[in-house]
Amino acid sequence: RYAEPYLVFMYAEDIAGRGANGPNQGAVHLPVKVLTKDVMPPLFESGYPRIDNFVSTTGYGKIITTFDISAKLDEPGTVFYAAKRTPDPSEITSHQPPSASQVRACLDAAGGWMEVCGSFGVRAPSQEFSVTTNDFLLPGCEYDVYVVALDLAQPAPNAQEAPVRVQV
């Protein structure tokens, strides 16, 4: 999935020396290091991304709502998330999900700001990494959290084409 180093050993055979002894042949004893090119975006492992510990607390005249967002990817990368209040059923016909690039920019499909957004790193494949948000959200409302990942490929990271929607 992601760029990996390989050692390539070669075997050479020329066309000189044909006859009783056959061609000259032999293994090349100097290994050549090559690096595969990463061309695929990261994938979330089954059951991820996940939202846990959705908690609202009050104090000092405001409500703070937090939740944990967790991800496991098949390769190292960065996870971006953005949340907005789930539309009322009467608004659903006009509601469009944001694109992956809009999630990374903290924008909804219409170009407006999302209510919660951020990112966190996934440093190793198949290990869970998470972050706790700390934002103002309305209590008693449902939110759509859109999550997208990109890998660490150089010179340009590979990004998922569409965000995953998780409802809280």
Side-chain angles (χ1 to χ4, degrees), residues 1-11 27-57 59 63-86 95-139 141-168:
R1 296 253 341 126
Y2 52 97
E4 292 193 72
Y6 287 89
L7 291 178
V8 178
F9 295 90
M10 292 183 260
Y11 177 83
V28 177
H29 296 289
L30 298 174
V32 178
K33 290 183 181 180
V34 295
L35 186 66
T36 61
K37 183 175 179 168
D38 182 357
V39 296
M40 302 293 292
L43 297 173
F44 287 111
E45 291 201 7
S46 181
Y48 292 88
R50 191 175 72 222
I51 305 292
D52 295 308
N53 303 323
F54 192 79
V55 178
S56 291
T57 57
I63 298 173
I64 301 292
T65 302
T66 64
F67 60 88
D68 297 339
I69 182 162
S70 303
K72 274 188 189 182
L73 297 174
D74 66 338
E75 64 178 308
T78 303
V79 174
F80 295 84
Y81 61 91
K84 192 156 188 146
R85 186 182 61 83
T86 302
H95 176 70
Q96 295 292 321
S99 67
S101 61
Q102 287 170 321
V103 170
R104 291 193 310 270
C106 196
L107 300 174
D108 64 16
W113 291 108
M114 297 291 258
E115 295 173 52
V116 174
C117 57
S119 65
F120 60 96
V122 172
R123 295 181 299 280
S126 301
Q127 291 184 15
E128 182 177 289
F129 291 87
S130 64
V131 68
T132 299
T133 65
N134 193 11
D135 298 282
F136 175 77
L137 297 175
L138 296 173
C141 292
E142 290 184 354
Y143 285 84
D144 290 332
V145 181
Y146 296 94
V147 186
V148 67
L150 57 93
D151 65 17
L152 304 176
Q154 294 299 323
N158 299 301
Q160 292 176 333
E161 291 183 17
V164 175
R165 180 177 148 257
V166 182
Q167 201 168 30
V168 293

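Taking both residues in full, the closest heavy atoms of Asp151 and Pro42 are given as N-CD, 3.5 Å, listed atom of the first, atom of the second, then distance. In terms of heavy-atom proximity, Pro163 sits nearest to Ala100 at CD-N, 3.7 Å. Taking both residues in full, the closest heavy atoms of Leu150 and Pro157 are given as CD1-CB, 3.5 Å, listed atom of the first, atom of the second, then distance.
Distance CD1/Ile69 to OG/Ser130: 9.5 Å, rounded to 0.5 Å. A distance of 13.5 Å separates CD1 of Ile51 from OH of Tyr143, quoted to the nearest 0.5 Å. In this structure, the separation between CD on Glu115 and SG on Cys106 is 10.0 Å, given to the nearest 0.5 Å.
With contacts defined as side-chain heavy-atom distances shorter than 4.5 Å, the pair Phe44/Leu73 qualifies.
Using a distance-only test at 3.5 Å, with no hydrogens or angles considered, no donor-acceptor pair links the side chain of Asn158 to the main chain of Gln160.
Listed by chain and number, the residues in a salt bridge (Lys or Arg N to Asp or Glu O under 4.0 Å) with Glu45 amount to none (sequence neighbours excluded). For the side chain to side chain donor-acceptor pair (under 3.5 Å) test, residues two or more places apart in sequence or in another chain that qualify with Gln102 are Ser99. Residues passing the salt bridge (Lys or Arg N to Asp or Glu O under 4.0 Å) test with Arg123, sequence neighbours excluded: none. Qualifying side chain to side chain contact (heavy atoms under 4.5 Å, CB included) partners for Glu142, counting only residues two or more places apart in sequence or in other chains: Thr86, Gln167. Here Glu128 pairs with Tyr48, Arg50, Ser70, Lys72 under the side chain to side chain contact (heavy atoms under 4.5 Å, CB included) rule; sequence neighbours left out. With sequence neighbours excluded, no residue forms a side chain to side chain donor-acceptor pair (under 3.5 Å) with Gln154. For Asp68, there are no salt bridge (Lys or Arg N to Asp or Glu O under 4.0 Å) partners, not counting sequence neighbours.
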- [ ] Please lay out, stage by stage, how Val168 and Val145 fare under the test side chain to side chain contact (heavy atoms under 4.5 Å, CB included).
- [x] CA-CA 7 Å; Val168 293; Val145 181; 4.0 Å; yes
In a table with atom names and distances, give each donor-acceptor pair under 3.5 Å that connects a side chain of residues 76-84 to protein atoms at least two apart or in another chain.
| from | atom 1 | to | atom 2 | distance (Å) |
| --- | --- | --- | --- | --- |
| Lys84 | NZ | Asp108 | OD2 | 2.6 |
| Lys84 | NZ | Trp113 | O | 3.4 |

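For the salt bridge (charged side-chain N to carboxylate O under 4.0 Å, His left out) condition, no pair includes a residue of residues 97-107, sequence neighbours left out.
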